[in-house]
Amino acid sequence: MASLPPLLAANTVKLDPEFRKLSAPPLPFDKVSNFTFTQLQFHQNRTYILYNSHFSGLQKNYSTKEPNSLSSELKEAVSTAGQGNNRKLESSNYFPILQECMLQNSVSGVESIHSQIIKSGFVEDLFLMTFLVNVYAKCWDMGSARKVFDNLPKRNAVAWTSLMSGYIYNSRPELAISIFKEMLEAGAYPTNYTLGVVLNACTSLCDINLARQIHGYIVKYDLEHDSSIGNALCSLYSNCRNLAMAIRAFERIAEKDVISWTAVVSACGDNGNSAKGLDMFVKMLVVGAEPNEITLTSVLSLCCTMQALDAGSQVHSLIIKLGYGSDLRLTNSIMYLYLKSGCIAEAKKLFVGMSSVSLVTWNAMIAGYAEMISLAEDALSAYLCGIEALQIFQQMNRSGLRPDLYTFSSLFSVCSSLVALEQGEQVHAQTIKTGFLSDVIVATALVNMYNKCGSINRASKAFLEMSTRTLISWTSMITAFAQHGRSEQALQVFEDMRRVGVKPNKITFVGVLSACSQAGMVDQAFAYYDMMKNEYRISPVMDHYSCLIDMFVRLDRIDEAFDFIEKANLAPNEFIWSILIAGCRSQGKLELAFHAAEQLLELELKDSETYLLLLNMYVSAGRWKDVSRVRKMMRDAKVDRIVDWSWITIRDKVYSFKFSSKRHHQDGVTELLDDLIDRAKPLGYKAEVGLEIDDELGKEEATTSAAHHSEKMAVAFGLLNTSGEVQIRVTKNMGMCRDCHCFIKLVSLLTSRTIIIRDSKRLHKFHNGECSCKDFGGLV
DNA sequence: CTAGGGTTAG
């Protein structure tokens, strides 16, 4: 007892006053230990316990069965039970029949057996009637279950526990708790099962206080070693985000079964420590415990989040060795793992080889391709992944399966990545028709889709129409407004969110700070920054710092940006240095820019566009030595030259444009572009010089970006092929340069058109000569 | 007769 942490030491556990009332003098827990033991002994002598394990493995499939369709054997059993010779029928004969009804989820079947039982005079049989309570509960008829319970000849712990677990099964954990209190009031002693059930009720109610008391009793009566209790504690603490306690609970289990191992493995995964979960799994194999299909699914999910393809394929072999090779759920997981790790061929092989597929299979394929969009090496293959995802969705429709909320969320995310507003609208309509829009996650994905397709008004409308909102919904809306340069609205949403009592997280504050930064609200920005640290106890991360630094840069207060870095004792990352360098350049503070560049070059650069920023800077300053130094660094770091690509979708057809390429799909693009450049120059456009890599000629040279950059061509092509109010939407594989940014702003003014360009860093919505990014400082 | 673990999403 002395070795226990103070929280759990029995003598420090405070009893709920409610409980005290119920239990004067002390709660009947002092006999729990013995009672449990005798109960277990007793059970093992019953014959029908034998099919219990079979039964518990199947009960999760009820909902898939057609209700009220009894098998022929069952119908026969029911009718023979009704005939006069039922004197010969033992009460134990009813168990398998009831079990069959339960598997069929047939309330009417149970009712007819029930009336036979009454006729046969077995209503006094405590075991049979307790089983009946359980059967009714599993058929979602708690009213009848309760009636049977109320008429029981005697109420023992098993009966109470059945009723409690029934309420949990029917999603009424609070009623399970009140039954537990009733049970204690009645003087019954809980068993290990009872305590496990109560803990599960606490888990689903997130009632950590009650759970702690129960844990206190468990410690006091030394029951932590029992697996039914230990397993429940493990998942309880896992759900309370306390992995250390979950692992502790697991380790105290004397005889760890498959479920204990599975629980601890998935606890690690659920709490963001996949590596630990994999360790646990290895330990499991080392001690010789055999994983089942559920353990393996859990482990695959760990490998998936870790992108651990090696471990994953080893698990795959193990799955085949253990004979689970054709398990649909496992195959789905393996397939998703391969997709997420970029092994498309492997994934497709599995997909094609599957004898039957489920909705999850299709969803995993769609989600996998959606995921690959962000992992793709170049933007064109990312684009193709998105197209592939949409095609898989069409195949799925043809196969006759109806999409669900997972399908729709993935589809929205695909449409976002493709900036495919039209497809997004179609999916939106489908979610309304099917009713899935009422799901928070789907609705949040819709908000994000409209935002990323450049339609902030529809994003905001979708947000307002939501009936419930999660932290992520609020954060999405705040970020959306901030990204569209609507700072006041972003902050308004943030205040609304606080008012309804939703606690912001660090991502929310990134949105809030970037809203302040774009509007140049320095005082507000620092007020929110302090609020984040003091009121919400969130420690700032780089993204917060970069918002603040970006703010100073936008306001041309670069010195203050450097001051802030010094005061906060920051070691700026690649992104922050890039903002600073870009800011220094646009203000002509070249010496400061070169100084910052030296700092930047100290870092190990990850983003190939950072090199481009440096190259452009040195080229325009004519510092050729530095140019070749950076080029050498790129070669040493094996950074590929990025080739500038843009594409535009017009009437369901994709047109791509490559830097400096003459392939314009149509005559007149160059002419229109030249004309626009000529008209933009008087308005302040000065075609800047930058280093450009001409891939076709295999050489690099200093040249103006005018007419060469792909987004200019794509926009000109869009202008030629659409008219009126239609927005022009272009996607680009790298960040826009400031030259193009300036030019497109003027084009939106000259042509009175709205132009949306999604580059690798953000969305730019050009309208009336302005951009929604409010000329973000990080332009190359 | 009573329990307990899992796939795909924002």
Side-chain angles (χ1 to χ4, degrees), chain A residues 39 42-43 46 48-49 52 55-56 60 91-92 95 98 125-135 137 156-166 168-169 190-200 226-235 238 257-267 269-270 291-301 304 327-337 339-340 358-368 370-371 404-413 416 439-449 470-473 475-476:
Chain A
Q39 283 284 309
F42 185 46
H43 282 168
R46 303 296 300 192
Y48 49 73
I49 194 105
N52 186 41
F55 145 86
S56 64
K60 282 181 181 158
S91 79
S92 60
F95 285 93
L98 283 170
D125 186 313
L126 183 59
F127 287 176
L128 181 58
M129 296 319 274
T130 306
F131 189 55
L132 194 57
V133 170
N134 184 42
V135 171
N156 62 14
V158 179
W160 285 108
T161 310
S162 297
L163 189 65
M164 284 164 58
S165 75
I168 294 181
Y169 189 86
T191 68
N192 52 342
Y193 287 143
T194 319
L195 294 171
V197 170
V198 182
L199 287 173
N200 290 328
D226 180 274
S227 76
S228 38
I229 287 174
N231 294 348
L233 282 172
C234 182
S235 56
S238 165
D257 56 23
V258 210
I259 296 174
S260 321
W261 285 105
T262 311
V264 78
V265 166
S266 50
D270 292 344
N292 65 13
E293 73 276 26
I294 299 178
T295 324
L296 294 163
T297 325
S298 215
V299 173
L300 283 175
S301 155
C304 212
D327 184 289
L328 180 57
R329 290 177 178 206
L330 278 173
T331 315
N332 287 342
S333 299
I334 301 165
M335 193 189 72
Y336 186 65
L337 169 72
L339 274 179
K340 258 195 107 168
S358 67
L359 182 57
V360 176
T361 319
W362 290 104
N363 284 349
M365 283 293 276
I366 296 171
E371 183 78 20
D404 70 352
L405 64 163
Y406 288 92
T407 328
F408 286 127
S409 341
S410 296
L411 285 174
F412 279 139
S413 119
S416 308
D439 180 84
V440 210
I441 294 177
V442 174
T444 306
L446 178 71
V447 172
N448 280 325
M449 187 276 289
T470 62
L471 165 66
I472 298 174
S473 328
T475 303
S476 301

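Chain A is the first sequence line, chain B the second, and so forth, proteins listed ahead of strands; every chain is numbered from 1.
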So for A/S333 and B/dT7, does any side-chain atom that can act as donor or acceptor lie under 3.5 Å from a complementary atom in the base? no
Residues that A/S301 engages under side-chain hydrogen bond (donor to acceptor under 3.5 Å, both in side chains), provided they are two or more places apart: none
Take atom CZ of A/R329 and atom C1' of B/dG6, then tell me their distance rounded to the nearest Å. 7 Å
Does A/V133 reach a base, just sugar-phosphate, or nothing at all? Heavy atoms under 4.0 Å. nothing
Pair A/S228, A/N192 - check side-chain hydrogen bond (donor to acceptor under 3.5 Å, both in side chains), show working. CA-CA 6 Å; A/S228 38; A/N192 52 342; 3.2 Å; yes
Given B/dT8, B/dG4, B/dC1, which nucleotide is nearest the side-chain atoms of A/N200? B/dG4
Whole-Å distance separating the CG atom of A/L446 from the C1' atom of B/dA9: 14 Å
Of the listed nucleotides (B/dC1, B/dG4, B/dT8), which one gets closest to any side-chain atom of A/I259? B/dG4
Taking A/L126's backbone N and O only, do any of them form a donor-acceptor pair with A/T130's side chain (distance below 3.5 Å, no angle check)? yes
Taking B/dT2, B/dG4, B/dG6 as options, the one with an atom nearest any side-chain atom of A/S227 is B/dG4
Given atom CG of A/L195 and atom P of B/dA3, what is their separation to the nearest angstrom? 14 Å
Which nucleotide wins on minimum distance to the side chain of A/I441, given the candidates B/dG5, B/dT7, B/dA9? B/dA9
Pairwise distance CD1(A/I366) to OG(A/S410) - rounded to 0.5 angstrom: 6.5 Å
Listed nucleotide nearest any side-chain atom of A/N292, set B/dG5, B/dT7, B/dT2: B/dG5
Contact class for A/N448 (heavy atom, under 4.0 Å): base, sugar-phosphate, or nothing? sugar-phosphate
Side chains of A/P190 and A/V198: closer than 4.5 Å at any heavy-atom pair? no
Please state how far atom CG in A/L330 lies from atom P in B/dG5, giving the value in whole angstrom units. 17 Å
Name the nucleic acid region contacted by A/V197, choosing base, sugar-phosphate or nothing; use a 4.0 angstrom heavy-atom cut-off, strictly under. sugar-phosphate
Counting side-chain heavy atoms from CB outward, which of B/dT8, B/dC1, B/dA9 is closest to A/F127? B/dC1
Atom-to-atom span, CD1 of A/I294 to P of B/dG5 - whole angstrom: 9 Å
Touch check for A/A367, heavy atoms < 4.0 angstrom, all strands: base, sugar-phosphate only, or nothing? sugar-phosphate
Quick one: A/E371 CD to B/dA9 P, roughly how many Å, whole number? 7 Å
Counting only side-chain heavy atoms from C-beta out, which of B/dG4, B/dG5, B/dG10 sits nearest to A/D257? B/dG4
Got a donor-acceptor pair under 3.5 Å from the side chain of A/T470 to the base of B/dG10? yes
Atom CG of A/L128 and atom P of B/dC1: how far apart are they, to the nearest Å? 12 Å
If you compare every side-chain N and O of A/N231 against the phosphate oxygens of B/dG5 (OP1, OP2), does one of them come in below 4.0 Å? no
I'd like to check the side-chain hydrogen bond (donor to acceptor under 3.5 Å, both in side chains) partners of A/S333; sequence neighbours left out, ordered by chain and number. none
Per A/S298 side chain, nearest of listed nucleotides B/dG5, B/dG6, B/dA9: B/dG6
Could you tell me whether the side chain of A/V360 reaches within less than 4.5 Å of the side chain of A/L328, counting heavy atoms only? no
Any base atoms under 4.0 Å from A/Y336, or only sugar-phosphate, or nothing? Heavy atoms, all strands. sugar-phosphate
Tell me if the side-chain of A/Y406 makes a donor-acceptor pair with the base of B/dT8, cut-off 3.5 Å, by modelled atom types. yes
Below the 4.0 Å mark, does B/dA9 have OP1 or OP2 next to a side-chain nitrogen or oxygen of A/S410? no
Look at the side chain of A/F95 and decide which nucleotide, out of B/dC1, B/dG6, B/dG10, has an atom nearest to it. B/dC1
Taking B/dG6, B/dT8, B/dT2 as options, the one with an atom nearest any side-chain atom of A/T191 is B/dT2
Over how many whole Å does the gap from A/D327 atom CG to B/dG6 atom C1' extend? 10 Å
